[in-house]
Visitor: 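First the structure, which I've put down as structure tokens, then a few questions once you've had a look.
Chain naming here is simple, since letters A, B, ... match the order of the sequence lines and numbering starts at 1 in each. Nothing here was measured: the structure is a model prediction, and the numbers come from that model.
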Number of protein chains: 2
Amino acid sequence: MQIKRYTHQNRILVAIDCIIFGFDGTHLNVLLIKRGFEPQKGRWSLMGGFVLPEENLDHAASRILKQLTGLTDIYLEQLYAFGDPYRDTVERTVSVAYFALIDINKYEEQINHEYSAAWFPLKKIPSLIFDHEEMIQMAKEKVQYKAAFHPVLFELLPEKFTLPQLQSLYEDVHNAMIDKRNFSRKILSTGLLIRQNDKERESSKKGAFYYRLDKRKYQAKFNAILNLIPNPQSLK
Amino acid sequence: MQIKRYTHQNRILVAIDCIIFGFDGTHLNVLLIKRGFEPQKGRWSLMGGFVLPEENLDHAASRILKQLTGLTDIYLEQLYAFGDPYRDTVERTVSVAYFALIDINKYEEQINHEYSAAWFPLKKIPSLIFDHEEMIQMAKEKVQYKAAFHPVLFELLPEKFTLPQLQSLYEDVHNAMIDKRNFSRKILSTGLLIRQNDKERESSKKGAFYYRLDKRKYQAKFNAILNLIPNPQSLK
DNA sequence: TCAAAAGTGTTGTCCTTACACCCATGT
DNA sequence: ACATGGGTGTAAGGACAACACTTTTGA
């Protein structure tokens with residue numbers, strides 16, 4: 001007996017919301033849009049959209065990310081499904097949240113005129129619609145946790161970056177000061193970085209060597225458990 | 001302007017599936033049901049059900065867990081949302097998977113006659129409907145990962161348990177032999193266990209002391225990052 | 001008295017941390 | 001020449017892993 005449809009069941013809207021992180025050199029930022037549409041027109045929110053009939057959740061998230069940023073091949077990971085019956089004030093909607101880590105410079109090259117978007121440092125997030133603040137909070141904790149054991153923060157940097165840049169990123173994400181000697185030893189001991197011959201000369205007179213990821217080793221070791229921050233206890 | 005409903009959008013069934021783990025003293029097991037209903041009647045599957053109009057996802061998962069096991073106040077955590085458009089052969093359904101850790105003995109006291117359920121060791125999972133095998137695989141990896149840093153496996157044991165029991169649990173979950181001297185030192189150094197005065201005398205002549213969780217400290221330290229297994233590298 | 005599992009301590013190695021000085025360069 | 005940030009080495013302490021013998025008791 002072939003069944004065609006489940007009867008007497010309640011169908012629900014399924015949406016995606018994207019927490020898009022970028023690093024401005026000092027702080028981790030989130031990309032938000034000012035809604036030009038109802039509901040809650042004029043307020044800030046995460047970029048989101050409904051899941052279409054023929055696409056899976058990952059595809060929907062990629063599509064929505066591309067719609068705002070123009071970017072593809074981005075680090076994107078499912079975070080959590082939010083399903084409070086009243087979280088969306090219009091109609092019940094289950095939202096599957098994804099977080100993305102992008103190189104903030106790549107974004108700035110793109111310009112999307114359909115949405116007015118802006119970066120906000122995590123400590124200065126404005127009031128958001130629905131449960132979007134909760135989503136960002138959870139995403140932040142997830143990135144923090146993940147970055148303590150996996151080399152995921154490289155996704156936030158350009159292809160060429162310096163150790164001081166990398167260190168500020170770690171310091172901001174973990175909200176801690178790190179000793180630069182210990183940091184460089186630890187990071188370099190992973191074998192993931194290849195030193196380039198040229199230097200970045202904007203932010204210091206001496207200049208700091210550029211590094212580049214060894215992509216083979218990066219992929220191979222991504223899921224390995226590394227110890228990337230001094231006191232994992234400082235996480236909660 | 002108040003909107004009443006999103007127009008032109010596609011509504012989807014939202015279901016919950018529960019991966020219920022129990023430990024039989026030797027192996028980690030999963031509780032499966034033999035479906036007495038369509039679709040796929042007669043095949044093994046996870047326990048699941050649709051999300052009802054007025055309940056959130058956690059509530060739906062608790063309800064479904066209780067329906068099968070009779071148990072409440074169980075460790076239950078959202079795992080992942082599965083949303084391939086064709087994963088359910090009847091009709092598109094997004095399933096939010098949860099995993100539960102229960103004391104297998106508590107379950108056996110309960111008898112649910114509506115469902116014929118059975119425990120399967122992880123290495124002997126039968127063929128399952130839809131994407132349920134993938135769900136179990138992901139849940140297994142999640143438990144393994146989580147247990148390496150957080151004292152979550154206690155949820156699988158009765159209130160009173162012995163160190164050898166705990167050790168076999170860790171050994172099975174991480175698929176590794178652990179030195180008992182190092183293991184007991186590490187576990188006891190967390191300060192989470194209180195030794196009882198009585199012994200378990202079934203499985204050895206000498207008898208092994210019972211321990212009990214210090215619930216205050218357990219709650220306090222649950223999210224702290226502990227090092228609970230010898231070589232985190234043995235995870236992948 | 002023997003077998004079977006429980007319980008316990010020490011040592012060497014490695015990893016982690018704390019810490020201070022020199023280097024290169026632009027002004 | 002000096003100020004600024006980049007880059008490196010070492011020593012002490014703590015954590016981890018490897019390892020073997022004694023204890024208890026039921027048969």
Visitor: Please write out the pairs of protein N or O atoms and N or O atoms of nucleotides 12-14 of chain C separated by less than 3.5 Å, giving the distance to one decimal.
Guide:
none

Visitor: Who passes side chain to side chain donor-acceptor pair (under 3.5 Å) against B/E159, sequence neighbours left out?
Guide: B/R212
Visitor: Tabulate below the donor-acceptor pairs under 3.5 Å that side-chain atoms of residues 122-129 of chain A make, not counting sequence neighbours, or state none.
Guide:
| residue | atom | partner | partner atom | Å |
| --- | --- | --- | --- | --- |
| A/S127 | OG | A/R43 | NH2 | 3.1 |

Visitor: What contact category does B/T162 fall into here, base, sugar-phosphate, or nothing, at under 4.0 angstrom with non-hydrogen atoms?
Guide: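 Nothing, no nucleic acid heavy atom in range.
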Visitor: So which pairs with a foot in residues 125-136 of chain A pass salt bridge (Lys or Arg N to Asp or Glu O under 4.0 Å), sequence neighbours left out?
Guide: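 Sorted pair list: A/R87-A/D131.
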Visitor: For residues 183-194 of chain A, dump all side-chain donor-acceptor pairs below 3.5 Å to protein atoms at least two apart in sequence or in another chain.
Guide:
| residue | atom | partner | partner atom | Å |
| --- | --- | --- | --- | --- |
| A/S184 | OG | A/R181 | O | 3.4 |
| A/R185 | NH2 | A/N182 | OD1 | 3.4 |
| A/S189 | OG | A/R185 | O | 3.4 |
| A/S189 | OG | A/K186 | O | 2.7 |
| A/T190 | OG1 | A/I187 | O | 2.6 |
| A/T190 | OG1 | A/L192 | N | 3.2 |

Visitor: Can you tell me how far C1' of D/dG5 sits from CG of A/L163, to the nearest Å?
Guide: 13 Å
Visitor: On the 0 to 90° scale, with breaks at 30° and 60°, tag the A/Y75-A/F222 ring pair as parallel, tilted or perpendicular.
Guide: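 The rings of A/Y75 and A/F222 sit tilted, inter-plane angle from 30° to 60°.
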Visitor: What residues, two or more places apart in sequence or in another chain, satisfy ring-ring contact (aromatic ring centres under 6.0 Å, His included) together with A/F154?
Guide: A/F161
Visitor: Please enumerate all residues that pass salt bridge (charged side-chain N to carboxylate O under 4.0 Å, His left out) together with A/K142, with sequence neighbours excluded.
Guide: A/E77
Visitor: According to the Watson-Crick and G-U wobble definition with distances under 3.5 Å, which dot-bracket string, read 5' to 3', encodes DNA chain C, using [ ] for crossing pairs and | for pairs with another strand?
Guide: |||||||||||||||||||||||||||
Visitor: Could you work out, with ring-ring contact (aromatic ring centres under 6.0 Å, His included) as the rule, every residue matching A/Y80, not counting sequence neighbours?
Guide: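 Only A/F82 meet the ring-ring contact (aromatic ring centres under 6.0 Å, His included) criterion with A/Y80.
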Visitor: Using distance only, find each side-chain donor-acceptor pair of residues 16-23 of chain B under 3.5 Å and give its atom names and separation, not counting sequence neighbours.
Guide:
| residue | atom | partner | partner atom | Å |
| --- | --- | --- | --- | --- |
| B/D17 | OD2 | B/S95 | OG | 2.7 |

Visitor: Taking protein heavy atoms under 4.0 Å as touching, what does nucleotides 18-27 of chain C look like 5' to 3' if B marks base contact, S marks sugar-phosphate-only contact and - marks none?
Guide: BBB--BBBS-
Visitor: Side chain to side chain contact (heavy atoms under 4.5 Å, CB included) with A/S62: which residues, sequence neighbours excluded?
Guide: A/L76
